Amino acid sequence: MHNIQDILETRDFIMNKTDDRPVIGLILGSGLGTLADEIKNPVKIPYSEIPHFAKSEAIGHANELVIGELNGKIVAAMKGRFHYYEGFTLDEVTFPVRVMKALGIENVIITNACGAVNTSFSPGDLMIITDHINLVGTNPLMGPNNDELGTRFPDLSQVYNKELRNIATTVASEQNIPLQHGVYAWWSGPAYETPAEIRMIRTLGADAVGMSTVPEAIVATHGNMKVLGISCLTNMACGILDQPLNHDEVIEVASKVKTKFVGLIKGVLEKI
Ligand code: HPA
């Protein structure tokens with residue numbers, strides 16, 4: 001379990017790499033990492049070099065923290081994230097959010113690729129997350145609470161900040177980007193859901209299902225940060241169409257929405 005000393009050491013390491021002081025955090029989901037390529041004068045720090053970040057061969061090469069200017073705002077973007085299904089602890093998955101807070105970041109935009117549970121949605125749609133359902137049966141705040149980081153029993157009545165959601169909705173309509181709004185259910189993975197599980201998830205009130213975002217959003221809320229959650233619906237969830245799911249399709253669809261996605265995030269950055 002990380003402590004405050006670890007967070008501060010990591011913050012200092014990052015602050016020594018750049019004079020930029022990020023004000024907005026970005027966590028970029030599968031196939032959406034190209035947004036980081038738009039950052040001007042980027043300072044790129046591979047996760048493997050960052051003290052106290054989880055270490056893994058599995059997480060690959062493209063995983064780096066990119067700090068620089070995007071549409072007039074200094075951002076710290078995570079190109080690639082740590083997933084619970086990879087075997088990381090939730091403390092490891094959410095440590096970067098603690099570091100963002102220590103860097104002075106108050107707004108974090110969390111993105112993901114996910115499956116559409118709501119049958120009126122289509123692959124390639126973007127969805128503003130209005131709320132979530134935690135189906136994983138654990139919580140990143142489990143364990144002793146550090147009151148300096150946040151309260152023991154945080155309120156989750158507005159994890160996905162209304163003001164930020166309104167900004168995103170305005171930007172989307174200005175740019176003629178069709179936008180869905182809905183509830184995201186967190187599934188541990190790495191196996192996709194079964195058709196019966198998808199029927200259950202729909203009955204429970206979710207519009208989309210994916211394997212990330214919720215732990216980071218809970219920790220950001222614990223740290224009193226504002227969260228904007230944006231999902232890219234890459235496929236209809238299991239059993240809706242008579243076809244199997246595969247990861248290549250997820251990545252392909254996420255990359256196809258690149259222009260819409262980049263436009264939306266850049267527009268939001270301008271107005272935050
Ligand atoms: N289910 C869970 N996670 C996902 C999916 C899905 O259908 N698509 C992309 N990530």
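Whatever order the structure lists them in is the order used to number ligands and atoms, beginning at 1. Source: prediction; values computed, not measured.
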query: Hey, what's the ring geometry for Y160 with H132, parallel, tilted or perpendicular (30° and 60° as the breaks)?
result: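 Ring orientation, 0 to 90° scale: perpendicular.
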Contact table ligand 1 N or O to protein N or O, d under 3.5 Å:
residue: ligand 1; atom: 1 (N); partner: E193; partner atom: OE1; Å: 3.0
residue: ligand 1; atom: 1 (N); partner: E193; partner atom: OE2; Å: 3.1
residue: ligand 1; atom: 7 (O); partner: N235; partner atom: ND2; Å: 2.9
residue: ligand 1; atom: 8 (N); partner: G115; partner atom: N; Å: 3.4
residue: ligand 1; atom: 8 (N); partner: N235; partner atom: OD1; Å: 2.7
residue: ligand 1; atom: 10 (N); partner: A113; partner atom: O; Å: 3.4

query: Which of parallel (below 30°), tilted (30 to 60°) and perpendicular (above 60°) describes F82 and Y47?
result: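 Rings of F82 and Y47: tilted, as their planes differ by 30° to 60°.
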Show me the side-chain donor-acceptor pairs of residues 136-151 shorter than 3.5 Å, one per line, residues at least two apart or across chains.
residue: N139; atom: OD1; partner: L141; partner atom: N; Å: 2.9
residue: N145; atom: OD1; partner: H222; partner atom: NE2; Å: 2.9
residue: N145; atom: ND2; partner: D147; partner atom: OD1; Å: 2.9
residue: N145; atom: ND2; partner: G150; partner atom: O; Å: 2.8
residue: N146; atom: OD1; partner: E148; partner atom: N; Å: 3.0

message: For D131, give me all partners under side chain to side chain donor-acceptor pair (under 3.5 Å), at least two apart in sequence or on another chain.
response: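 Here no residue qualifies.
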Run the side-chain donor-acceptor check on residues 35-45: report pairs under 3.5 Å with partners two or more places apart or on a different chain.
residue: D37; atom: OD1; partner: K79; partner atom: NZ; Å: 3.0
residue: E38; atom: OE1; partner: K266; partner atom: NZ; Å: 2.9

- request: Give me the ring orientation class for W186 and Y84: parallel if the planes are under 30° apart, tilted from 30 to 60°, perpendicular past 60°.
  value: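 Because their plane-to-plane angle lies in the 30° to 60° range, the rings of W186 and Y84 count as tilted.
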